[in-house]
Amino acid sequence: MSRSTPSPNGEHFSTLAVHAGEARQKPGDSITDPIFCTSTFTFESTASLLEFIEKKLPREEYGRYGNPIEKTVEKKLAALDGGEDAILFSTGMAAIVGLLTAKLNSGDEIIFFDECYHRSREFCVKHLGRFGVTTHQVKTGDYDAMERAINSKTKLIVSESPTNPHLSVIDCERFAALGKKHGVETLIDATLATPYNIRPLNCGVDYVWHSATKYLAGHNDLLAGVLVGSREKLDPIRKLRGILGSINSPHNIYLLIRGLKTFELRMERHNQNGLAVAQFLAAHPKIEKVYYPGLETHPYYDVARRTMRGFGGLVTFNVRGADWKQTARVIDAVKIPRIGPSLGGVESLIEQPLVMSYFDYSPEDRKRFGIDDNMIRMSCGIENTQDLLDDLAQALAQL
Ligand SMILES: *Cc1c(COP(=O)(O)O)cnc(C)c1O
């Protein structure tokens, strides 16, 4: 793990978050990147158009293929993950859909660890299935089962790390080695970890995927997604994005760049709040179980300690002896976290996975996906740590 390794130019994480990808001197001598609010880009003459077509002139052409501010944020995001290139998409889901549709053909197979973002699973099973792609799922963390599921048709193996909402942590080196051994590409959804807490490319993973909607943007005010990897591997995906049109608006990209400036500062507080909330809940008599990779009792604590710089702001816990309605009372009693899906923003959020994401699932499916009636997921924002603990204490006292 090269957690504090500087970039090839010697800059450290926060310096990259502030400066990477940006020109030193910008249009209008502005310190911030300008928003080019334009759908198209014009050519001075037929000669300059021909020069562009013959690839002699690096510049923009039409908004669906790129915008200067998009190039800036892509370079910044690539630098943060230690990757050669990055592609920005309109949402996290648009990014994974772009990758899967660019890379897979009819007859191909993919394998997921089973704790994965429910919409990626849905896209693969319901939609890629219609195009002749087969999806397999194996138990999270069972590398032998993953290896047994690999065959000559397997093109990609996918894992989240940490997973949501159980916060299981994948050993990226082992995962990457498994792919390399069988000539299969590897993808990690590192949304919950962010490049601050893990660097899967350094472990040899081929693609890192983030929902930039979460910690990277960090302010609950936009949606975006990003894929990071080698230019060669990303190139076909970039070309397909130009056709799909799953791009972000220049205004949104400006907000993403602005959010990234404070990325390291925010992550430090998210990590601190996550750990403090997890430790507080683990010691609370009304709490039956806490899922947090920074707790020694967590089944993946050793992997997490070895591979993560911090453990993030997401904490999942079960309320002792509560049915789903009693659990909802805790959600309704907190005063700081708002009730809502999503995570990774400066504002804390709280939700009951059963109600928020799995209400229309059968009890058997919920059990299969490990969603308990008394489970709560809290995304710790960057509020004062003690205020969050006091709020949880008063909410639990009402049970
Ligand atoms: C939110 C999320 C996604 C999807 O990203 P969007 O930006 O909402 O499309 C994928 N994976 C994880 C782990 C997420 O939390």
Side-chain angles (χ1 to χ4, degrees), residues 73 77 81 86-101 110 112-125 127 137 140 156 158-170 172 175 187-198 200 205 207-228 237 241 244-249 252-253 255-256 259-260 267 270 274 291-293 300 308 311-316 340-345 347-351 353 356-358 369-371 377-381:
V73 81
L77 291 168
D81 254 308
I87 313 180
L88 189 73
F89 284 86
S90 50
T91 65
M93 280 313 296
I96 188 70
V97 168
L99 181 141
L100 295 170
T101 47
I110 48 174
F112 277 84
F113 276 139
D114 59 358
E115 291 171 16
C116 70
Y117 187 62
H118 62 134
R119 296 295 181 204
S120 13
R121 174 168 49 220
E122 187 178 337
F123 177 71
C124 290
V125 173
H127 300 287
Q137 287 177 49
T140 298
L156 184 71
V158 182
S159 182
E160 214 171 301
S161 191
T163 65
N164 174 19
H166 299 95
L167 286 314
S168 306
V169 180
I170 295 307
C172 285
F175 186 72
L187 167 79
I188 295 277
D189 176 352
T191 298
L192 267 59
T194 83
Y196 184 76
N197 285 334
I198 62 169
V205 167
Y207 305 100
V208 186
W209 168 37
H210 302 282
S211 166
T213 310
K214 315 293 169 52
Y215 291 105
L216 290 169
H219 292 71
N220 290 323
D221 56 1
L222 65 92
L223 290 115
V226 64
L227 297 171
V228 192
I237 308 172
R241 185 193 64 175
L244 295 173
S246 38
I247 51 154
N248 234 304
S249 83
N252 259 4
I253 297 172
L255 286 176
L256 175 55
L260 282 167
M267 285 315 297
H270 284 300
Y291 299 82
Y292 189 73
Y300 292 90
M308 299 181 80
F311 308 105
L314 207 73
V315 184
T316 302
S342 200
L343 59 105
E347 296 95 356
S348 289
L349 288 167
I350 198 161
E351 60 149 283
M356 187 62 77
S357 305
Y358 291 87
F369 297 128
I371 304 302
R377 191 192 85 171
M378 176 165 162
S379 168
C380 299

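Start at 1 with the first residue, then count along the sequence. Both ligands and their constituent atoms are indexed starting at 1 by order of listing.
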Is it true that a side-chain atom of H166 and a backbone atom of G370 form a donor plus acceptor pair closer than 3.5 Å? yes
Look at the aromatic rings of F369 and Y358 and report parallel, tilted or perpendicular, splitting at 30° and 60°. tilted
Parallel, tilted or perpendicular: ring planes of F113 versus F175, cut at 30 and 60 degrees: tilted
Could you go through F89 and L227, starting from their C-alpha distance and side-chain angles, then the distance that decides it, and tell me whether this counts as side-chain contact (heavy atoms from CB on, under 4.5 Å)? CA-CA 8 Å; F89 284 86; L227 297 171; 3.7 Å; yes
Working to the nearest 0.5 angstrom, can you tell me the gap between F112 CZ and C124 SG? 3.5 Å
T316: side-chain contact (heavy atoms from CB on, under 4.5 Å) partners, not counting sequence neighbours: P165, L167, Y291, M375, R377
Collect the protein residues that have a non-hydrogen atom under 4.0 Å from ligand 1 and hand them over in chain and number order. T91, G92, M93, Y117, E160, D189, T191, L192, W209, S211, T213, K214, A224, L343
